[in-house]
Amino acid sequence: MQEREKKRDALRAAGVDPYGGRFPDVEAAADLRARADVCDIPAGEKLPDFTARIAGRITLLRDIGKLAFLTVQDRTGAMQFGLSRADLGDAQWAVFKQLDLGDIIGGDGIIGRTKTGELTLWLKTLTVLAKALRPPPEKWHGLTDVELRYRHRYVDLFSNPEVREVFRQRSAIIHAIREHLVDLGYLEVDTPVLQPIYGGAAARPFTTHHNTLDMDLYLRISPELYLKRLLVGGMERVFEISRNFRNEGISPRHNPEFSMIELYEAYADYNVMMERTEGMVAAGIEALGGGFIRPYGELELNFAPPWRRAKYADLLGEHTGLDVKDTSGVLERAKQEGIYQKLTKMIGDGHVHVRPDHAAPGSLIDHDVLVNELFDMLVQPHLIQPTFVYDYPASICPLTRRHPEDPSIALRFEAFVAGMELGNAYTELNDPRVQEEKVMDEDFVMALEYGMPPAGGLGVGLDRLVMLLTNSRSIRDVILFPLQRKG
RNA sequence: GAGGGCGUAGCUCAGUCGGCAGAGCACCUGCCUUUUAAGCAGGUGGUCCUGGGUUCGAGUCCCAGCGCCCUCACCA
């Protein structure tokens with residue numbers, strides 16, 4: 001670092017600003033490459049009339065005496081600069097001598113190809129735009145220490161092109177989904193992140209406080225209750241790309257703050273929401289290119305619609321041989337798997353509620369809770385190809401409309417891919433008197449009393465979708481600044 | 001919250017049985033007008049994650065702590 005500060009001072013002493021300002025009309029390296037490709041420049045030739053201006057960070061520097069080659073990287077790729085002491089003049093050559101890997105420079109010159117055919121910008125003028133005081137990571141391995149990659153993501157980004165590519169793809173996916181929904185007549189909205197009453201999911205919130213109002217507030221765990229108010233207000237198709245905050249554990253699939261796209265469509269139901277899920281994912285895939293069949297780790301996933309649709313009860317039977325309504329059979333299996341023992345141990349902690357009316361004789365745990373645990377343990381890991389699991393046990397889905405012919409079934413689906421939950425949807429409950437029993441938010445109930453159109457609602461985890469489409473193992477690889485403990 | 005793994009130069013990593021702290025890249029000095037992980041010669045660079053302990057002597061062994069990764073739990 002001391003050496004670099006000396007060079008910075010040397011530049012200043014020579015009247016060169018080491019932190020240059022505006023540098024207009026820079027061409028992207030990829031655009032220049034395309035422009036050059038149509039010219040058929042022979043190896044070893046320079047075209048005196050083909051001028052260009054490029055800017056970026058120095059990633060390679062080879063000084064071979066009175067001639068030097070630099071590789072400069074911009075957002076679109078790399079471009080080689082050629083510097084000749086004879087052409088540049090002593091003053092500019094002296095400037096070059098103060099450069100290091102990692103510095104950001106601009107170059108004006110003419111295009112040519114070297115003996116080996118590499119496209120090269122032969123500089124007439126060199127402009128220092130930012131002197132880097134810290135060296136970049138090693139050129140061959142880049143930055144691989146995951147802790148440093150997350151803590152200093154800027155280094156990760158400029159030294160690892162594949163990381164930049166993942167986040168470019170993330171942007172493309174979200175942009176495509178947004179356009180897809182807008183094309184369907186959806187309005188994009190923003191609802192409160194700071195909520196006096198939290199709801200819409202079962203998770204512990206982060207709490208905060210507004211000083212002037214002297215009011216406790218929660219960071220939202222879901223935008224759901226606000227988006228439904230908008231349905232009442234006549235906004236019949238709305239979506240929000242919502243950062244949600246859940247004060248829960250961290251894992252390769254969970255970050256405390258994460259992005260979800262949530263949408264509501266009046267007069268639709270959960271079947272329509274299955275199509276919306278397929279449509280959004282297809283739009284994301286189309287933006288990336290490469291087709292519906294995509295690698296994910298050792299797996300090969302086929303996102304081509306329509307995805308498999310399977311009833312919760314049928315899948316349970318398929319993978320466990322159990323009948324959902326067989327309370328004693330489920331209890332026995334739950335004991336075999338150790339689930340029952342685990343749950344009864346947790347009753348004291350208040351995490352598990354005892355509901356004898358829904359339990360098998362002699363069981364302390366609600367039947368549907370046992371079923372759900374069995375499902376998570378024995379069925380979910382097998383849901384590799386995109387699958388809509390629908391018609392859930394009603395007791396584990398309070399905000400969902402019941403099946404008209406079977407009140408024990410909720411009109412809900414979850415989308416699973418690679419054994420991971422990707423989305424969750426309902427045919428929404430719009431009866432205020434039923435809702436009232438289950439929600440603390442009086443204003444929300446009042447909204448329903450004014451009449452909410454029947455609707456389908458859907459939430460898709462955007463980080464997880466980006467993981468699946470970019471073949472990323474960890475949610476931290478698709479979130480720019482994942483939460484880290486204070487280092 | 002529980003278990004396992006990891007932590008050494010700016011970066012990527014070796015470090016044997018407890019016996020002088022190492023390599024490559026980067027950096028510095030010199031040479032080189034077509035390099036491609038450029039090359040050649042010489043050189044600088046260390047809180048071995050932190051704090052204790054054992055020992056004549058600790059990067060190495062023991063204890064505690066911190067951080068990261070993984071698994072489980074919690075949670076969608």
Side-chain angles (χ1 to χ4, degrees), chain A residues 1-7 43-46 58-71 78 80-88 93 97 100-102 112-120 122 132-152 155-156 159-160 200-205 221-222 244 246-256 258 260 338-339 342-343 345-346 349-352 372-373 376-377 380 392 396-397 412 414-416 420-424 459-461 463-464 473-477 482-487:
Chain A
M1 210 147 77
Q2 295 78 359
E3 295 292 342
R4 286 170 180 252
E5 290 186 350
K6 273 194 241 165
K7 289 180 180 176
E45 295 283 311
K46 299 175 189 171
I58 302 172
T59 56
L60 284 173
L61 189 157
R62 299 191 193 91
D63 178 359
I64 48 177
K66 298 184 185 62
L67 187 71
F69 295 95
L70 311 187
T71 301
Q80 177 162 276
F81 285 6
L83 287 76
S84 155
R85 181 167 190 169
D87 293 350
L88 271 181
W93 189 258
K97 280 295 189 180
D100 289 296
L101 293 181
R113 287 193 187 277
T114 62
K115 283 201 299 201
T116 53
E118 173 140 1
L119 192 67
T120 300
W122 289 96
L133 298 182
R134 292 177 187 272
E138 200 213 15
K139 61 187 170 190
W140 196 240
H141 298 93
L143 188 68
T144 61
D145 183 303
V146 287
E147 180 173 358
L148 295 180
R149 286 184 45 224
Y150 299 148
R151 285 194 193 280
H152 310 295
V155 180
D156 189 29
S159 59
N160 296 322
R204 283 185 295 173
I221 59 172
S222 156
N244 296 342
R246 297 186 182 175
N247 207 336
E248 307 284 359
I250 297 175
S251 86
R253 287 163 299 283
H254 301 264
N255 194 62
F258 66 100
M260 173 159 285
I339 290 170
K342 187 190 77 181
L343 289 174
K345 232 182 268 174
M346 287 165 48
D349 312 338
H351 290 304
V352 175
N372 200 42
E373 289 288 325
D376 286 353
M377 179 183 271
Q380 187 175 327
Y392 275 66
I396 57 172
C397 317
R412 171 193 189 186
E414 291 192 290
F416 289 93
M420 178 165 77
E421 183 196 343
L422 178 65
N424 185 14
V460 171
D463 310 294
R464 289 181 178 180
R473 305 293 174 103
S474 170
I475 198 167
R476 292 179 219 107
D477 292 326
L483 187 65
Q484 299 284 98
R485 231 180 271 259
K486 258 195 249 179

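Below, all heavy atoms of this structure are taken into account, side chains as well, without hydrogens, waters or symmetry copies. By convention in this document, chain letters (A, B, ...) are assigned in the order of the sequence lines, proteins followed by strands, and residues within each chain are numbered from 1.
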If you measure from the [atom1] atom in [N] to the same atom in [M], how many Å do you get, rounded?
N: B:C32; M: B:A23; atom1: P; value: 28 Å
N: B:U12; M: B:U33; atom1: P; value: 35 Å
N: B:G52; M: B:A14; atom1: C1'; value: 28 Å
N: B:A26; M: B:C72; atom1: P; value: 42 Å
N: B:C13; M: B:G53; atom1: C1'; value: 30 Å
N: B:G59; M: B:C48; atom1: P; value: 8 Å
N: B:A41; M: B:C25; atom1: P; value: 11 Å
N: B:G24; M: B:G45; atom1: C1'; value: 15 Å

_Quick check: on RNA chain B, is the nucleotide nearest A:Lys66 upstream (toward 5') of the one nearest A:Glu421, or the reverse? Name the residue that is more 5'._
A:Lys66
Considering every strand and a 4.0 Å limit on heavy-atom distances, what is the contact class for [X]: base, sugar-phosphate, or nothing?
X: A:Gln380; result: base
X: A:Gly461; result: nothing
X: A:Asp376; result: base
X: A:Arg246; result: sugar-phosphate
X: A:Ala68; result: nothing

Could you give the [atom1]-to-[atom2] distance, from [X] to [N], as a whole number of Å?
X: A:Ile250; N: B:C72; atom1: CD1; atom2: P; value: 16 Å
X: A:Leu101; N: B:A26; atom1: CG; atom2: P; value: 7 Å
X: A:Met260; N: B:C75; atom1: CE; atom2: P; value: 17 Å
X: A:Leu148; N: B:G7; atom1: CG; atom2: P; value: 14 Å
X: A:Leu133; N: B:G10; atom1: CG; atom2: C1'; value: 13 Å
X: A:Met377; N: B:C72; atom1: CE; atom2: P; value: 10 Å
X: A:Ile396; N: B:C75; atom1: CD1; atom2: P; value: 13 Å
X: A:Gln2; N: B:G10; atom1: CD; atom2: P; value: 11 Å

Side-chain contact test, heavy atoms from C-beta onward, threshold under 4.5 Å: evaluate it for [X] versus [Y] and give yes or no.
X: A:Pro482; Y: A:Ile475; answer: no
X: A:Asn247; Y: A:Pro205; answer: no
X: A:Arg4; Y: A:Pro135; answer: yes
X: A:Phe69; Y: A:Leu60; answer: no
X: A:Glu248; Y: A:Arg204; answer: yes
X: A:Arg246; Y: A:Ser222; answer: yes
X: A:Asn160; Y: A:Leu143; answer: yes

Watson-Crick/G-U partner (both atom distances under 3.5 Å) of [N]:
N: B:G18; answer: none
N: B:G67; answer: B:C6
N: B:A41; answer: B:U29
N: B:A58; answer: none
N: B:A23; answer: B:U12

Report all interatomic pairs (protein N or O, nucleotide N or O of nucleotides 67-70 of chain B) with separations under 3.5 Å.
from  : atom 1 : to       : atom 2 : distance (Å)
B:G67 : O3'    : A:Arg151 : NH2    : 3.0
B:G67 : O2'    : A:Glu147 : OE1    : 3.3
B:G67 : O2'    : A:Glu147 : OE2    : 2.2
B:G67 : O2'    : A:Arg151 : NH2    : 3.4
B:C68 : OP1    : A:Arg485 : N      : 2.6
B:C68 : OP2    : A:Arg485 : NE     : 2.9
B:C68 : O4'    : A:Glu147 : OE1    : 2.9
B:C69 : OP1    : A:Arg476 : NE     : 3.3
B:C69 : OP1    : A:Arg476 : NH1    : 3.3
B:C70 : OP2    : A:Arg476 : NH1    : 3.2
B:C70 : OP2    : A:Arg476 : NH2    : 3.2

_Please tell me if A:Ser84 has a side-chain N or O lying less than 4.0 Å from either OP1 or OP2 of B:U33._
no
*Under 4.0 Å protein heavy-atom contact, by nucleotide of nucleotides 34-51 of chain B - B base, S sugar-phosphate only*: BBBBB-------------
*Name all residues meeting the salt bridge (Lys or Arg N to Asp or Glu O under 4.0 Å) criterion together with A:Asp376; count only those two or more places apart in sequence or in a different chain, and write none if there are none.*
none
*Look up atom CD1 in A:Ile396 and atom CZ in A:Arg412, then write down how far apart they are to the nearest 0.5 Å.*
6.0 Å
*What's the spacing between A:Leu70 CG and A:Ile58 CD1 if we round to 0.5 Å?*
5.0 Å
*Does any N or O in the side chain of A:Thr120 come within less than 3.5 Å of the main-chain N or O of A:Trp122, such that one atom is a donor and the other an acceptor?*
no
*Given the rule in the side-chain contact (heavy atoms from CB on, under 4.5 Å) test, do A:Leu83 and A:Trp93 qualify, once you have shown the distances and angles that lead to the verdict?*
CA-CA 8 Å; A:Leu83 287 76; A:Trp93 189 258; 4.0 Å; yes
